[in-house]
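These numbers come from the heavy atoms of this one structure, side chains and all, not from hydrogens, waters or symmetry mates. As the structure lists them, so they are numbered: ligands from 1, and atoms in each ligand from 1. The structure presented is a predicted model; accordingly, all values stated were derived computationally and were not measured.
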Amino acid sequence: MIIAIDGPAAAGKGTLARRLAEAYGFALLDTGLLYRAVGMKVVAADGDLDDEEGAARAARALRPDELSNPALRSDAAAQAASKVAAIAPVRAALLDFQRTFAHQPPSPAKGAILDGRDIATTVCPDAEIKLFVTASAEIRAKRRYKELLDRGLSAIYARVLEDLEERDARDKARAVSPLVAAPDALVIDTSAMDADRVFATAVDFIKSRNVGERP
Ligand code: CDP
């Protein structure tokens, strides 16, 4: 069984994905990390983020051990990610890894959860469960701002909001696999919901589709 979770930046996809993975015993892949790692690889090599060939080479050379670098969680990595994510050969290079993880999750997982932007539309259009998690830009920026402060980093709210809106605009406007809800996805607007309610909403939906037990 595959659960696809898509949505804009800082909407709560990661939190929901982790809770569902734990509840159902599924393996989890945060696909944003793949794009972040490719972006940072290009930056580290003093490369140009608009250089399609260089970015595609970085994507093809990506190794799983490069996904655990803590620097990938920075906003600089997020911005670099959304630039290389618009390059078709980069997306193509990362497709096999994501599909293999979805269809043959590491043992003993009984299923896979992937979160990203195009999981339900491109990577796993066959996913049994498709969730599109969203929230207003202001709420998402507030959550990301708090997360940065909690991690001991300095941040300016207005800058966080601006970065997030710039990234969303790029993700929605790109020609290849743009950010959009699949027609058969459950849209969960988390603006006025806490993490428990988001989780309960997802579990009810999974149950209603008769593909999973309530954990
Ligand atoms: O954590 P947050 O939602 O802020 O970002 P992320 O999920 O780590 O994704 C970082 C960037 O990677 C996004 O802004 C997208 O441009 C890109 N991405 C993508 O294009 N497709 C995916 N499946 C996942 C991420």
Are any of the side-chain nitrogens in [X] or [Y] under 4.0 Å away from the carboxylate oxygens of its partner?
{"X": "E66", "Y": "K41", "answer": "yes"}
{"X": "E165", "Y": "R159", "answer": "no"}
{"X": "D163", "Y": "R167", "answer": "no"}

Any N or O of D30 closer than 3.5 Å to N or O of ligand 1 = no
Are any of the N/O atoms in R167 less than 3.5 Å from those in ligand 1?
-> yes
Looking at [X], which atoms of ligand 1 are within less than 4.0 Å of one of its heavy atoms?
{"X": "S82", "result": "14 (O), 16 (O)"}
{"X": "R144", "result": "1 (O), 2 (P), 4 (O)"}
{"X": "K13", "result": "3 (O)"}
{"X": "A10", "result": "3 (O), 4 (O)"}
{"X": "T31", "result": "22 (C), 23 (N), 24 (C)"}
{"X": "A81", "result": "10 (C), 11 (C), 12 (O)"}
{"X": "G116", "result": "22 (C), 23 (N), 24 (C)"}
{"X": "D171", "result": "13 (C), 14 (O), 15 (C), 16 (O)"}

Residue selection (non-hydrogen contact nearest atom 7 (O) of ligand 1) among Q98, R170, R117, K83 | R117
Nearest candidate to atom 20 (O) of ligand 1, where distance is taken over non-hydrogen atoms, out of R36, Q79, R91 | R91
How long is the span from the [atom1] atom in [X] to the [atom2] atom in [Y], to the nearest 0.5 Å?
{"X": "L67", "Y": "F97", "atom1": "CG", "atom2": "CZ", "answer": "6.0 Å"}
{"X": "D46", "Y": "D48", "atom1": "CG", "atom2": "CG", "answer": "11.0 Å"}
{"X": "Y35", "Y": "L94", "atom1": "OH", "atom2": "CG", "answer": "5.0 Å"}

Specify side chain, backbone, both or neither for R73, according to which of its non-hydrogen atoms lie closer than 4.0 Å to ligand 1.
->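 Under 4.0 Å from ligand 1, R73 contributes no heavy atoms.
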Given the rule in the salt bridge (charged side-chain N to carboxylate O under 4.0 Å, His left out) test, do R151 and E147 qualify, once you have shown the distances and angles that lead to the verdict?
-> CA-CA 6 Å; R151 274 164 47 200; E147 190 185 312; 3.7 Å; yes
When you look at E53 and R60, which way does the salt bridge (charged side-chain N to carboxylate O under 4.0 Å, His left out) test go after all the steps?
-> CA-CA 11 Å; E53 206 20 68; R60 287 192 288 267; 3.1 Å; yes
Residues R140, D168; criterion side-chain contact (heavy atoms from CB on, under 4.5 Å); working and verdict = CA-CA 11 Å; R140 291 186 288 116; D168 285 351; 2.7 Å; yes
Heavy atoms of I87 and D51 approach each other most closely as CD1-O, 4.5 Å
Identify the protein heavy atom lying closest to atom 17 (C) of ligand 1, giving its residue, its atom name and the separation to 0.1 Å.
->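 Result for atom 17 (C) of ligand 1: A85 CB, 3.8 Å.
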Compute the minimum heavy-atom distance from R174 to ligand 1 and say whether it is under 4.0 Å.
->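 Flag set, R174 near ligand 1.
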